[in-house]
Structures are given as C-alpha cells and as structure tokens.
Amino acid sequence: MNLALFDLDNTLIAGDSDTEWPKFLIKRGILDPDHHARQNDYFYEQYKAGTLDIYEFLDFQLAPLTRFSRSELDTLHAQYMQEHILPIIPPKARELVAAHQAAGDVVMIITATNRFITAPIARELGVAHLIAVELAEDAAGNYTGKPTGTPSFQAGKITRLNEWLAARGETLQSYDKSYFYSDSRNDLPLMSIVTHPVAVDADDTLLAHAQAHGWPTITLRD
C-alpha cells in the first residue's frame, strides 16, 4: 500500500486559497482592500523567503472568520468556491489524484491553510483525508480566530502527519511508497522524508533543490 500526499495551494490548485478568500471578502465590502493588501504582501514575502511567523499570520488570516456565524460562513464559502476555486482547479490535478486513487493508494491533502477554507476543496477533489490548520471554537461553535494544535506548516506537517499515522497504528514506513507533491520551499522538511518527493510548478528554491537531488519536477497547469 502506498501513501500519496498533496500540498494544496499552488499545487493542486493554480493559486492560493488563503489569498483568494480575502479577495472574495474584499469584493463584498467585508475587508478593507488597502489595509489587507499591505498586510498580505508583508506575510507573502515572508512565506516566499521561508521566514513566515505562522502564528502572527494566523492571527491576521483568521480574524475575519470571527465576524460571522458558522451558517453565514458556509453560505459565503459556497459562493467563494464557485467564483474563486473551481476556476483554478486544473484538470491535470484532478487526473493525478484520481490516478493514485485508482491505484489503491491512500490519498491525503496536507496544507498550511485552515480547515474551514480547505475542507470543501478537498471534498471537491474527492480526497477523504485532510490535514490542515485546526480552528478553535467557542461554546456556540463559532470560530474564535485562534488555531488549535500544531499548525501544519513547514516541519509542523511532519508532526501532524505522524500524529495522524499513529492514530491509525501506522508509521510512514508502513507504506511501500510515500509520495509528496508540493510547489514550495516551505515543504522541504516533509519532502525530504518521503520516498518519492515530486516538485510541482515549484518555486525557485524548491526547483533548484529538486534538480540537485534528482527529484521529479512536473507541472499540473494547463
């Protein structure tokens, strides 16, 4: 049995769901465009450089979720999926996921984006297993704007994956082959421990690393 892990943003989708969500909210007048653009640029430069403070970013990124009830958020998310996500899912991404499923592999999306944004995207892609940033809730079930547990970012993806495997009575070595598809230098820790790392539409740092180590490089873009 094999394990196929996929990053989401800029890997299975041709864009970043973390940045598409605020764009959607800005169009509806929910977020101030100038302030959000400045903050988003600040964090995105850190992300590209591999220096992002994930907790500082999550305070910023999760704050808008506290303005709405869960039912209101679900309604907004359905519109967001139609307008911002479905148009950026490449057919080749769907085909690659389906190929691993047809081979009988266990397929998972493992992402640094939160579960509220990503769970419907995973369902759209037909992926049952998802590791994402988990969100704290208040007594009424609404989001508090804070994460819970270890954020699935950089080496945190290894921590969260090992927790998931342990809950199944497994380790990574329980699988004959382990694949991880990603675009980002931030995923080098996890890519370095699977048997089959694959760079997908990779950033410059990951591309150079992949080429130096003989890893496959592919594109899923049309």
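All values reported here derive from a predicted model rather than from experimental measurement.
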Task: Test side-chain contact (heavy atoms from CB on, under 4.5 Å) applied to T159 and F153, step by step - done: CA-CA 9 Å; T159 300; F153 177 65; over 6 Å; no
Under 4.5 Å between any side-chain heavy atoms of [X] and [Y], yes or no?
| X | Y | value |
| --- | --- | --- |
| L31 | F24 | no |
| V127 | F6 | no |
| H36 | I26 | yes |
| Y80 | L25 | no |
| N10 | S184 | no |
| Y42 | R38 | no |
| M81 | E124 | yes |
| T148 | L135 | no |

Check for a donor-acceptor pair, side chain of [X] on one end and backbone N or O of [Y] on the other, with a separation under 3.5 Å.
| X | Y | result |
| --- | --- | --- |
| H209 | T205 | no |
| R115 | L130 | yes |
| R67 | I30 | yes |
| S69 | E72 | yes |
| T51 | Y47 | no |
| T11 | D183 | yes |
| T111 | A132 | no |

Open item on the list: Please evaluate residues H77 and Q82 with respect to the criterion side-chain contact (heavy atoms from CB on, under 4.5 Å), reporting the C-alpha separation (whole Å), side-chain torsions for both, the decisive distance (0.1 Å), and the verdict.
Closed with: CA-CA 9 Å; H77 198 293; Q82 291 296 320; over 6 Å; no
TODO: Could you work out the complete set of other residues in the hydrophobic cluster of L5, with links drawn between I, L, V, M, F, W and Y side chains under 4.5 Å apart?
DONE: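 Noted: L5 shares its cluster with M1, L3, V106, M108, I110, I131, I158, L161, W164, L165, L172, Y175, F180, L188, L190, M191, I193, V194, L206, W215.
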Open item on the list: Looking at D203 and R185, is any side-chain nitrogen of the basic one under 4.0 Å from a carboxylate oxygen of the acidic one?
Closed with: no
Task: E163 bridged to R168 by N-O distance under 4.0 Å - done: no
What are the two closest non-hydrogen atoms of [X] and [Y], and how far apart are they?
| X | Y | value |
| --- | --- | --- |
| P197 | P216 | O-CD, 3.3 Å |
| T217 | A210 | CG2-CB, 3.9 Å |
| V133 | P147 | CG1-CB, 3.9 Å |
| T219 | K92 | O-CD, 4.2 Å |

Open item on the list: Please identify which of these residues, I89, I121, I109, meets the side-chain contact (heavy atoms from CB on, under 4.5 Å) condition with L12.
Closed with: I109
Going by the rule side chain to side chain contact (heavy atoms under 4.5 Å, CB included), which residues pair with [X] if we only count those two or more places apart in sequence or in a different chain?
| X | value |
| --- | --- |
| P90 | A14, A93, D222 |
| D41 | none |
| N2 | D105, D176, K177, Y179 |
| Q211 | L207 |

Output the distance between atom [atom1] ([X]) and atom [atom2] ([Y]), rounded to the nearest 0.5 Å.
| X | Y | atom1 | atom2 | value |
| --- | --- | --- | --- | --- |
| R28 | L76 | CZ | CG | 7.0 Å |
| Q46 | I54 | CD | CD1 | 10.5 Å |
| L96 | I218 | CG | CD1 | 5.5 Å |
| N40 | H35 | CG | NE2 | 10.5 Å |
| L58 | N114 | CG | CG | 8.0 Å |

TODO: Can you sort out the partners of D7 under salt bridge (charged side-chain N to carboxylate O under 4.0 Å, His left out), two or more places apart, ordered by chain and number?
DONE: K157
Open item on the list: Regarding D18 and Q61, do their side chains bring together a donor and an acceptor under 3.5 Å, going by distance alone?
Closed with: yes
Open item on the list: Checking side-chain polar atoms at under 3.5 Å, does S17 have a donor or acceptor matched by the opposite partner on D9?
Closed with: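 Result is yes, a qualifying pair exists.
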Open item on the list: For H100 and Y181, I'd like to know if the aromatic rings sit close, meaning centre-to-centre distance below 6.0 Å.
Closed with: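 For H100 and Y181, the ring centres are under 6.0 Å apart.
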Open item on the list: Does K146 form a salt bridge (Lys or Arg N to Asp or Glu O under 4.0 Å) with E137? I'd like the steps, not just the answer.
Closed with: CA-CA 8 Å; K146 296 295 182 182; E137 301 175 7; over 6 Å; no
TODO: Describe, in one word, how the ring planes of F60 and F57 are oriented to each other, choosing from parallel (under 30°), tilted (30 to 60°) and perpendicular (over 60°).
DONE: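 The rings of F60 and F57 sit tilted, inter-plane angle from 30° to 60°.
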Open item on the list: Heavy-atom count check: over 12 atoms from other residues, nucleotides or ligands less than 6.0 Å from K27 NZ?
Closed with: yes
- [ ] Any chance you could lay out the salt bridge (Lys or Arg N to Asp or Glu O under 4.0 Å) test for E83 and K23, step after step, and finish with the verdict?
- [x] CA-CA 11 Å; E83 297 175 21; K23 288 179 185 177; over 6 Å; no
Task: CA sep, side-chain torsions, deciding dist, call: Y143, D138, side-chain contact (heavy atoms from CB on, under 4.5 Å) - done: CA-CA 6 Å; Y143 294 127; D138 63 19; over 6 Å; no
